[in-house]
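Report on the structure given below.
Because only heavy atoms are used, hydrogens play no part in the values below, and waters and symmetry mates are left out as well, while side chains stay in. We name chains A, B, ... by the order of the sequence lines, and we start the count at 1 in each one.
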Amino acid sequence: MIRYTLYRLAQTAPLALLVCALVFSLIHLIPGDPVEIMLGDGAQPAEVEALRHELGLDRPLGRQFVDYFVRLARLDLGESLRFRQPVTRLLAAHYPATLELAFASMLAALALALPLGVVAALNRDRALDHGARFLALLGVSIPNFWLGPMLIWLLAIRLDLLPVSGRGGMASLVLPAITLGTALAGMLTRMVRSSLAEELGEPYLVVAQAKGLGYGQAVARHAFRNASIPVVTVVGLQFGALLTGAIITETIFSWPGIGRLIVQAIQARDYPLVQGGILTIALSYLVINLLTDLTYALLDARIRLR
Amino acid sequence: MKIDGSARGTPALWLGAGLAATVLVVALLAPWLAPQDPNHQALENRLESPSGAHWLGLDELGRDILSRLIMGARVSVGVGVAVVVLAGALGTLIGAVAGYAGGRIDALLMRLTDVFMAFPGILLAIALVAVLGPDLRNVVIALVVIGWVGYARLVRGQILQLREMEFVLAARASGVGPVGVIVRHLLPNVLPTLVVQASLGMAGAILAEASLSFLGLGIAPPTPSWGAMINAGRSHLLDAPHLALFPGIAILLTVMGLNFLGDALVGWLDPASGSEG
C-alpha cells in the first residue's frame, strides 16, 4: 500500500505543478494589456503602472513564473483587486460553504440513485427498469441552470415551502443540493443499475442461495456489496465535478461559496481572484481523485498489489 | 460490428434521432421559421404571457420568445457542430498519432491529456472565456480545448488494440506508410465509436455553451442564446416565469435527444453493452 501511495503521489505531484503553470498562464492569454483591462477605461497611466508593478507584470516572463511558484509555496495568491484582501483569505472564507453544498448534493444524489438503480437492476428490461432509466437520462440531460430557477419558482415562490436563496440552516440547502445533485443522480442510477445487474448474473448468488440464504438476502449481503465498489469510485471522482457545478448553482441561489466568488471576480475582472479560485477548485479535484484512488486500492487488493 | 435485430433500443434511437433532426432543421431554416423578427421590441407589451399572437409570450423587452428560441437554435447547434468537428478532428489526430507511434510520443501526448483532464467539467472553459473575453469564437475555442481530450483517449485506445491486428500488419508488410495505415485502415474501424462520442459530445457542447451564456460568458446580446434567455428570465420568476421556462425545455429536449441517440447507438453498434447504460 505504501508503494502504491508513493506511486500515485509521484504521478499527481507533477500534474499539480502543470495545473499551477496553466493557471499562471491564464493572465497572459488576455488579449491586450491585462492591467488596463482590469482597471477599465478611465484609468490614469500612473495607476496602470502601479498595478502592473504590484502584480509583478513589469518583470520578465521567466522571473514572473518563478515568483509565482515561490509565492504559491507560501500560499500567497496575491490580493483581490475588488475586495482588497488577500485572495487566500477570501477563498478560505468561502470554501466551507462550497464543501457543504457539494456534500449535500452528493447525499441528495445517492438518496435518489441508490433506490432507483437497485429497482432498475432487479426488474431488468421491465417497465420499472425503463422508467428508472428514463429518469436517469432526464437527470443527466436537464440543465442545472434551468432546474434551479424552476425549483425556485415552484417550491419557493408558488408553494412558499423553502427559501429562495442564501445560506442559513438546512432548509436553505435543499434546493441548491437538488439542483447540483440531479445530474450526478442520473449518472449514479445508471452506474448502480449496470454494476448490480452484472453481479446478479454471478454464480456466487446461486451458491449463497444453495447454502440457505433467501434471494433478497443473497442480493443484499453479497451482490450489493460487490456492486458498490465501482459506485464508490464514481462517487469520489464526481465529488470534484460537483465543485465545478457549484459555480452555476451558487450563482443561482446566491450561495456564498467559491463558485459565486469566481463569477463575481470574472464580472469585476478581478483576475488574481479568478486565478486563485480556479486553482483552488482544480487542485481540490486532483486531491480528491488521489484520495479516491487510494481508498479504492485499500478496498481492492488487486490494485494495491499491482 | 453487429446490428441489434431486436426491437429493444429502437424506439430510443428513433426518438433521439427525431429530436436531434428537428433541432437541426429548425436551426437551418430559422430565418424562415421564425414568425417575427427576434430582435423586434414591443416594450408596451413586455413580459406578456403566451397568447394566440405570441405562442410562447414576450420577454423583458417585448420580443417574441418563440422567434428568439428558433433563432437561438442556430447558436446552440452551430456551437455544437463546430466544437464536435474541431475537437473531434484534433482529438482524433492526437489520439491516432499517440496510439500508432507508441513509446515516448505516446507517453508525452497522454501526459498532455492528463493535464487537461485534471480540470473538472467546464472549469477550464469558464477560465478561458473569462480571460479571452466573451464571444462566440472564444466559446468554441474554450470548448474545443476541453473537448479534444475525450476523442484523443478514445482513438488512442482503439488504435492500440487495432494496430496489432493482422489486416494492419498485412497493410504495413505490403508497404503502406504510417499515414496510409492510419487513414485507410485504422480510422474507418474507429469511426463507429467516434460517432457515438460525437453524439454525446454534441449534447455536452450544447449544454456547456448554454451554461457559459447563462453566466454571461457566451455570445453578446441581442443575439438570442438559450442560456442567456434563461438567465434573463431568472429576474422575472415572480411575474413572468415563462421567460425561463421555454428556453430550458428547448435545451432539455435537444440534449436529451442527443443523449438518447448516443446511448441507442452504443447499443446498436455493440449489442453486448446495450443493456448496460
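Counting heavy-atom pairs under 4.5 Å between each of A/Ile262, A/Asn144, A/Asn289, A/Leu26 and chain B puts A/Leu26 at the top. Between chain A and the options B/Leu207, B/Leu258, B/Leu217, heavy-atom pairs under 4.5 Å are most frequent for B/Leu207. With chain B as the partner, the residue from A/Leu138, A/Ile152, A/Val263 showing the most heavy-atom pairs under 4.5 Å is A/Leu138. When B/Ile249, B/Leu238, B/Ile230 are compared by the number of non-hydrogen pairs under 4.5 Å with chain A, B/Ile230 comes out ahead. Most heavy-atom pairs under 4.5 Å with chain B, from the set A/Leu286, A/Ile248, A/Ile142, A/Ile247: that is A/Ile248. Chosen from A/Pro14, A/Gly245, A/Ala241, A/Pro143, the residue pairing most often with chain B at heavy-atom distances under 4.5 Å is A/Pro143.
For A/Phe103, the ring-ring contact (aromatic ring centres under 6.0 Å, His included) criterion is met by A/Phe239, not counting sequence neighbours. Residues meeting the side chain to side chain contact (heavy atoms under 4.5 Å, CB included) test with B/Val115, sequence neighbours left out: A/Leu15, A/Leu18, A/Leu22.
Of the two parts of A/Phe145, the backbone and the side chain both hold a non-hydrogen atom closer than 4.5 Å to a non-hydrogen atom of chain B. Of the two parts of A/Leu242, neither the backbone nor the side chain holds a non-hydrogen atom closer than 4.5 Å to a non-hydrogen atom of chain B. With a 4.5 Å cut-off on non-hydrogen atoms, A/Leu283 does not touch chain B at all. For chain B, the nearby part of A/Ile157 is the side chain; its heavy atoms alone come within less than 4.5 Å. With a 4.5 Å cut-off on non-hydrogen atoms, A/Val23 touches chain B through its side chain but not through its backbone. Proximity to chain B is limited to the side chain of A/Thr244, based on heavy atoms less than 4.5 angstrom apart.
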Without placing hydrogens or testing angles, list every side-chain donor-acceptor pair under 3.5 Å for residues 117-144 of chain B, not counting sequence neighbours.
unit_1: B/Asp135; atom_1: OD1; unit_2: B/Arg137; atom_2: N; d: 3.1
unit_1: B/Asp135; atom_1: OD1; unit_2: B/Asn138; atom_2: N; d: 2.9
unit_1: B/Asn138; atom_1: ND2; unit_2: B/Leu132; atom_2: O; d: 3.1
unit_1: B/Asn138; atom_1: ND2; unit_2: B/Gly133; atom_2: O; d: 2.8

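The distance from the CZ atom of A/Arg190 to the CG atom of B/Asp263 is 4.0 Å, given to the nearest 0.5 Å. To the nearest 0.5 Å, the span separating OG on A/Ser141 from CG on B/Leu253 amounts to 9.5 Å.
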I would like to know whether B/Val255 and A/Val140 meet side-chain contact (heavy atoms from CB on, under 4.5 Å); could you show each step before the answer? CA-CA 9 Å; B/Val255 172; A/Val140 178; over 6 Å; no

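Interface with chain B: from residues 264-276 of chain A, residues A/Ile266, A/Gln267, A/Tyr271 qualify, criterion being any non-hydrogen pair under 4.5 Å.
Side-chain contact check for A/Trp146 versus B/Leu245: some heavy-atom pair is nearer than 4.5 Å.
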